[in-house]
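This report concerns only the one structure given below.
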Amino acid sequence: MTAQPAPTAPSPSAGHMSGIHLALLLMGALLVLASLGSLAIGALPDLELALAAVLAGTGLGIAAILVGAAGLGRGIADGAPRESGEPGPGQVSPVRLSGHLDPGLSRWKWLVKWFLAIPHVLVLFLLWIAFPVVSIAAGLVILATGRYPAAWFQYCVGVLRWQWRVSFYAFGVLGTDSYPPFTLARAPYAAQFDVAYPARLSRWKVLVKSWLLALPHLLVIAALSGGTWSTDSSDASGISLLGVLVLVAGAILLFTGTYRQGLFDLLLGLNRWIQRTVAYTALLTDAYPPFRLDQGPEEPAPFR
């Protein structure tokens with residue numbers, strides 16, 4: 001199984017997001033959130049009426065999410081890498097994460113990046129509400145056909161890509177002062193993420209990948225992120241190794257004006273391990289994540 005890695009500097013025309021489909025997906029996410037929230041707070045006194053309203057609202061919201069995600073995925077599909085061939089020794093990882101340290105980083109800007117990233121966090125919050133809805137629907141399709149619907153696949157990869165850019169900028173690395181683009185699509189930026197679209201996926205693995213097969217990796221990630229698994233190091237609770245390392249990197253940058261390359265490479269390796277596991281648990285690939293810390297700005301060419 002050979003994956004064609006995504007280019008490190010995609011052209012601006014690599015894809016675009018449909019405003020109509022994005023609005024539809026965000027409205028669907030808000031509708032699901034509002035429907036479930038109204039049930040939780042008991043907004044309607046009549047239980048049967050409340051359940052009917054929640055089911056109707058949730059159903060409409062899920063339909064809007066799936067249609068919106070499909071439209072967004074089709075819009076950003078141009079230039080997407082694809083897997084080809086059969087699994088074998090020396091295969092290239094279908095999950096590709098990279099990040100390049102900007103020269104001349106501001107000493108102080110990292111102190112306010114979390115604030116500057118709030119607009120991204122708000123949009124990502126709604127995109128992540130839609131993410132499990134799309135993943136579950138895709139899982140049902142995989143179970144029946146062995147294929148992940150391409151448009152939904154590109155949407156889920158796009159969410160992970162957007163999250164990685166924001167994490168690289170504000171929370172998980174602090175590796176660039178360039179503001180992340182507001183897009184699911186591939187775009188020129190210091191941080192890149194992609195997953196090669198699989199020709200086929202195992203039907204039975206859908207039932208056990210996300211919890212049983214991924215359990216060893218989830219335990220490692222829990223240890224790295226302070227006890228709770230998350231796709232974003234900023235969401236960890238307790239004492240987070242990632243959070244401590246990012247804070248150390250920021251403190252060194254503040255007092256010396258330099259970002260230590262060894263620390264940067266370590267943070268890229270930790271985030272790479274997390275993102276590989278996320279892609280696997282989200283059913284985007286059957287390639288089991290390797291138990292190794294691949295440090296540095298670029299992915300190694302082959303699995304070993």
Side-chain angles (χ1 to χ4, degrees), residues 1-17 69-70 72-85 87 91-101 120 124 127-128 130-131 134-135 138 147-169 172-173 175-176 178 180-201 231-232 267-290 294-303:
M1 176 175 55
T2 303
Q4 302 170 0
T8 56
S11 67
S13 61
H16 67 280
M17 291 201 309
L72 289 170
R74 283 192 294 270
I76 66 172
D78 290 346
R82 290 175 173 267
E83 290 182 6
S84 60
Q91 64 184 2
V92 175
S93 170
V95 183
R96 313 295 293 177
L97 179 145
S98 65
H100 293 273
L101 184 63
H120 281 281
L124 280 169
L127 294 177
W128 274 108
F131 189 93
V134 176
S135 296
R147 295 182 182 274
Y148 199 123
W152 288 349
F153 181 92
Q154 295 303 331
Y155 167 78
C156 289
V157 173
V159 173
L160 295 178
R161 180 183 299 119
W162 193 331
Q163 173 270 319
W164 168 234
R165 289 175 184 150
V166 175
S167 180
F168 187 83
Y169 169 78
V173 181
T176 182
S178 299
F182 279 89
T183 181
L184 296 164
R186 297 157 193 82
Y189 194 65
Q192 296 291 329
F193 179 83
D194 226 322
V195 183
Y197 180 69
R200 299 284 299 181
L201 289 169
T231 58
D232 190 339
L267 284 168
L268 262 290
L270 294 172
N271 279 282
R272 186 169 286 125
W273 194 325
I274 289 174
Q275 292 294 82
R276 287 171 177 169
T277 304
V278 172
Y280 183 76
T281 58
L283 312 178
L284 298 174
T285 179
D286 278 347
Y288 197 70
D294 287 324
Q295 301 185 52
E298 292 287 345
E299 288 270 0
F303 276 138

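Quantities reported herein were computed from a predicted structural model and do not represent experimental measurements.
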When rounded to the nearest 0.5 angstrom, what distance separates [atom1] in [X] from [atom2] in [Y]?
X    : Y    : atom1 : atom2 : value
L267 : R272 : CG    : CZ    : 11.5 Å
L127 : C156 : CG    : SG    : 10.5 Å
F182 : H120 : CZ    : NE2   : 3.5 Å
Y155 : L72  : OH    : CG    : 7.0 Å

Which atoms form the tightest heavy-atom contact between [X] and [Y], and what is the distance?
X    : Y    : answer
L184 : M17  : N-SD, 3.3 Å
V95  : E299 : O-OE2, 3.2 Å
P181 : Y189 : CD-CD1, 3.8 Å
L283 : L201 : O-CD1, 3.6 Å
A187 : T183 : CB-CG2, 4.4 Å
Q275 : L97  : CG-CD1, 3.4 Å

*Min side-chain heavy-atom separation R200-R147 under 4.5 Å*: yes

*Any V157 side-chain heavy atom under 4.5 Å of Y197 side chain*: no

*What residues form a ring pair (Phe, Tyr, Trp, His ring centres under 6.0 Å) with Y148, not counting sequence neighbours?*
F153

_Is there a side-chain contact (heavy atoms from CB on, under 4.5 Å) between L284 and Y280? Walk through the geometry before answering._
CA-CA 6 Å; L284 298 174; Y280 183 76; over 6 Å; no

_Aromatic contact, W128 with F131 (centres under 6.0 Å)_ = yes

When you measure from the side chain of [X] to the backbone of [Y], do you find a donor-acceptor pair of N or O atoms at a distance under 3.5 Å?
X    : Y    : answer
S167 : Q163 : no
R276 : P289 : no
R82  : P198 : no

_From CA spacing to verdict: side-chain contact (heavy atoms from CB on, under 4.5 Å), R186, D194_ = CA-CA 8 Å; R186 297 157 193 82; D194 226 322; 2.7 Å; yes

*So H100 and Q192, side chain to side chain donor-acceptor pair (under 3.5 Å) or not? Walk me through it.*
CA-CA 9 Å; H100 293 273; Q192 296 291 329; over 6 Å; no

*Using the test side-chain hydrogen bond (donor to acceptor under 3.5 Å, both in side chains), find all partners of W164 that sit at least two apart in sequence or belong to another chain.*
none

*asked:* My understanding is that only residues two or more places apart in sequence, or in another chain, count here; which of them pass side-chain hydrogen bond (donor to acceptor under 3.5 Å, both in side chains) with W273?
replied: H217

